[in-house]
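Protein chains get the first letters and strands the later ones, always in sequence-line order, with residue 1 at the start of each.
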Amino acid sequence: MTRRFYVTTPIYYVNGAPHIGHAYTSIAADVMARFHRLAGHDVFFLTGTDEHGQKVEQAAQAAGVEPQAFVDRIAADFRDMADSMAISYDDFIRTTEPRHVTGAQALWERVAQNDAIYLGAYEGWYALRDECFYGEDELTTGPDGQKLAPTGAPVEWVKEPSYFFRLSAFQDRLLELYEQCPEFLGPHGARNEIISFVRQGLRDLSISRTSFKWGIPVPGDEAHVMYVWFDALANYLSALGFPDMDGARAAYWPADLHLVGKDIARFHAVYWPAFLMAAGIDVPSRIFANGWWTVEGQKMSKSIGNVIDPRDLVREFGLDAVRFFLLREVPFGGDSDLSRKALITRNNVELANDLGNLAQRTLSLVAKNCEAMILRGVSQRLRISSFSHRWRCCPSLWPRNWNAVP
RNA sequence: GGCGGCGUAGCUCAGUGGUAGAGCAGGGGAAUCAUAAUCCCUUGGUCGGCGGUUCAAAUCCGUCCGCCGCUACCA
């Protein structure tokens, strides 16, 4: 039987434009997908967008458009980014699609049937002005004894009805999973942090909200929408046609690899397997967290204005050069810095000088000594024919040297 | 505060008990099938400090200094 391989990127949250970090995770997943296809495996490669939640609702409001119109626009931009980076996804799922709403609600019902969800109250210090909850340790006390948020807004103790997931009941089973399947979570640093987090003890997780509407309704209680992480994580199943586990795609489950950014490792390595265990569904084989990129030594941020759109890099340096650099520059799992100098050096030395020079030497030898012909079998095995074809048709496709600009 | 990681050549880092390594940068040279390319040689380090275990420590233990991460419902 042909080996199946199911690999996913995170679904990207649509409250901002795609940047180099999104492209990086997607490229890494793409390379895995392409590798397994070359190995003859039956690959399913999923990417998509996460489109619910209060932040999106607010962003849409700020932009003066309906949430659906807002997410349509941003999701299209993420899809364009994936296409521009030659991400060979088999499906692009959006959490606002009916198939996902069906899948997420079915997962909820499965978990609820197994008695892992109960109705309680989410309570905490809430600042009406900021529309946000704060932790006890973040608060300060004003001169009149009024508790204040870090922003200076007055807070009050409020209770909001909420459904809770019995996360605390899964602590031992999670630790057992990490212990028995050391490959489940990588790299080592992320694994250690997650294990120590779970060992500290898990509290039940609030998984519904009544304070906003932009989300998937909780089955049987329309006053609530699902907490975005319950909604979002379900995408890996709903894209396979869940809850229909007899469909063609269902055979890809359990996923072989969820590739994620290190900021969301915990949601994938703790909440996700717990939800699945509660639903009686197999857990994925592996979660791997990649690191972050700084830009010219600085953290990427909107306020600094150094957020890089990967498509801009591609326009300047070419697609393969950018893809090569991102994967070559850093030991996978670690953080790294994206600088013009490093990008230019990698491309000049390794692609243009080393590889380009080797190909150039080979071709000129062939031209001089072999009547410019390569035997068909040989050329197919070495894939030289496509090289020489591209060379004749379009020399600009060859690696180019770049002059370093300070 | 607690837990964890890191500190090795000018720079980025590999190396987890047995004569200190790579790439880039610097210096010198060669050859031609080859681009401002390539190839060879070479300079350069008290392996953060101190103490301990050992025949032997970058590597194990203790301690100190410095940097970083995690410490839940903000995706």
Side-chain angles (χ1 to χ4, degrees), chain A residues 10-16 21-22 49-56 58-59 95 120 122-124 130-135 137-138 150 160 162-165 167-168 171 187-209 215 226-233 235 260-272 274 289 291-292 294 297 299 328-331 333-337 339 341-342 344-346 348-370 395 398-404:
Chain A
I11 47 173
Y12 300 113
Y13 201 55
V14 295
N15 68 337
H22 302 114
T49 42
D50 179 9
E51 308 185 2
H52 289 128
Q54 192 167 20
K55 276 194 179 180
V56 170
Q58 288 170 344
T95 57
Y122 179 42
E123 46 191 324
D130 302 339
E131 297 186 53
C132 169
F133 283 89
Y134 291 98
D137 52 350
E138 294 178 276
E160 174 187 326
S162 170
Y163 287 95
F164 280 80
F165 173 71
L167 185 61
S168 58
Q171 180 170 339
H188 282 301
R191 182 166 181 270
N192 291 342
E193 285 180 7
I194 296 291
I195 290 175
S196 102
F197 170 77
V198 175
R199 280 207 180 117
Q200 282 176 34
L202 294 173
R203 297 201 296 271
D204 288 349
L205 184 70
S206 164
I207 51 168
S208 77
R209 293 295 140 81
M226 292 181 195
Y227 170 50
V228 287
W229 273 108
F230 192 96
D231 168 348
L233 288 163
N235 92 87
V260 299
K262 67 179 184 181
D263 50 329
I264 57 173
R266 190 174 64 224
F267 300 98
H268 284 78
V270 181
Y271 301 169
W272 182 226
W292 283 351
T294 53
K299 192 176 171 182
R328 175 70 179 90
E329 181 70 5
V330 44
D335 295 338
S336 195
D337 183 55
S339 71
K341 189 173 175 233
I344 289 167
T345 301
R346 280 283 180 207
N348 281 353
V349 172
E350 299 188 7
L351 289 183
N353 295 352
D354 289 350
L355 268 179
N357 183 49
L358 175 63
Q360 168 65 27
R361 292 171 66 182
T362 307
L363 289 175
S364 55
L365 269 178
V366 168
K368 202 170 275 187
N369 302 319
C370 305
W398 277 101
R400 286 173 290 174
N401 277 90
W402 297 86
N403 293 318

Where the side chain of A/D354 meets the backbone of A/L351, is there a donor-acceptor pair that is under 3.5 Å apart?
->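 The answer is no, because no donor-acceptor pair under 3.5 Å joins these two groups.
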Output yes when a side-chain donor or acceptor of A/T95 lies under 3.5 Å from a complementary backbone atom of A/D50, and no otherwise.
->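 Pair absent, no side-chain N/O of A/T95 close to backbone of A/D50.
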Quote, to the nearest angstrom, the [atom1] distance that separates [N] from [M].
N: B/A20; M: B/C24; atom1: P; value: 24 Å
N: B/G44; M: B/G26; atom1: C1'; value: 9 Å
N: B/U43; M: B/A36; atom1: C1'; value: 24 Å
N: B/G2; M: B/U63; atom1: P; value: 12 Å
N: B/C40; M: B/G23; atom1: P; value: 9 Å
N: B/U16; M: B/G21; atom1: C1'; value: 15 Å
N: B/A14; M: B/C73; atom1: P; value: 32 Å
N: B/G7; M: B/A56; atom1: C1'; value: 24 Å

Atom-pair distance ([atom1] on [X]; [atom2] on [N]), nearest Å:
X: A/F230; N: B/C73; atom1: CZ; atom2: C1'; answer: 14 Å
X: A/I194; N: B/C3; atom1: CD1; atom2: P; answer: 19 Å
X: A/I344; N: B/U35; atom1: CD1; atom2: P; answer: 22 Å
X: A/E329; N: B/G23; atom1: CD; atom2: P; answer: 16 Å
X: A/Q54; N: B/C73; atom1: CD; atom2: P; answer: 15 Å
X: A/E350; N: B/A22; atom1: CD; atom2: P; answer: 17 Å
X: A/F165; N: B/A72; atom1: CZ; atom2: C1'; answer: 14 Å
X: A/R346; N: B/C24; atom1: CZ; atom2: C1'; answer: 9 Å

Hey, does [X] reach any base, or is it just sugar-phosphate, or nothing, if we go heavy atoms under 4.0 Å?
X: A/D337; value: nothing
X: A/G16; value: nothing
X: A/L167; value: base

Output yes when at least one side-chain N/O atom of [X] is less than 4.0 Å from OP1 or OP2 of [N], else no.
X: A/R209; N: B/C74; answer: yes
X: A/R266; N: B/U71; answer: yes
X: A/N353; N: B/U38; answer: yes

Pairs counted as Watson-Crick or G-U wobble with both distances under 3.5 Å: what dot-bracket string results for RNA chain B, using | for bases tied to another strand?
-> ((((((((.[[[[.)..(..]]]].(((((.......))))).....[[[[[..)....]]]]])))))))....
For the atom pair [atom1] ([X]) and [atom2] ([Y]), what is the distance rounded to the nearest 0.5 Å?
X: A/S168; Y: A/D204; atom1: OG; atom2: CG; result: 3.5 Å
X: A/D337; Y: A/E329; atom1: CG; atom2: CD; result: 8.0 Å
X: A/L167; Y: A/L202; atom1: CG; atom2: CG; result: 4.5 Å

Might you work through the side-chain hydrogen bond (donor to acceptor under 3.5 Å, both in side chains) test for A/E51 and A/T49, ending with a clear yes or no?
-> CA-CA 6 Å; A/E51 308 185 2; A/T49 42; 2.6 Å; yes
Comparing A/I264 and A/T345 on RNA chain B - which has the more 5′ nearest nucleotide =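 Nearer the 5' end of the strand: A/T345.
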Which nucleotide in the list [options] gets nearest to the side chain of [X]?
X: A/N192; options: B/G4, B/A72, B/G69; result: B/G4
X: A/R203; options: B/C73, B/U38, B/C3; result: B/C73
X: A/K55; options: B/U38, B/A72, B/C74; result: B/C74
X: A/N357; options: B/C74, B/U35, B/A72; result: B/U35
X: A/Y227; options: B/C73, B/U35, B/G69; result: B/C73

A/Y122 side chain reached by A/R209 side chain, heavy atoms, under 4.5 Å |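 Result yes, sub-4.5 Å side-chain heavy-atom pair found.
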Any side-chain heavy atom of A/I194 sitting closer than 4.5 Å to one from A/V270?
->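 Yes, their side chains come closer than 4.5 Å.
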Given A/L233 and A/H268, is the side-chain contact (heavy atoms from CB on, under 4.5 Å) satisfied, shown in steps?
-> CA-CA 8 Å; A/L233 288 163; A/H268 284 78; 3.7 Å; yes
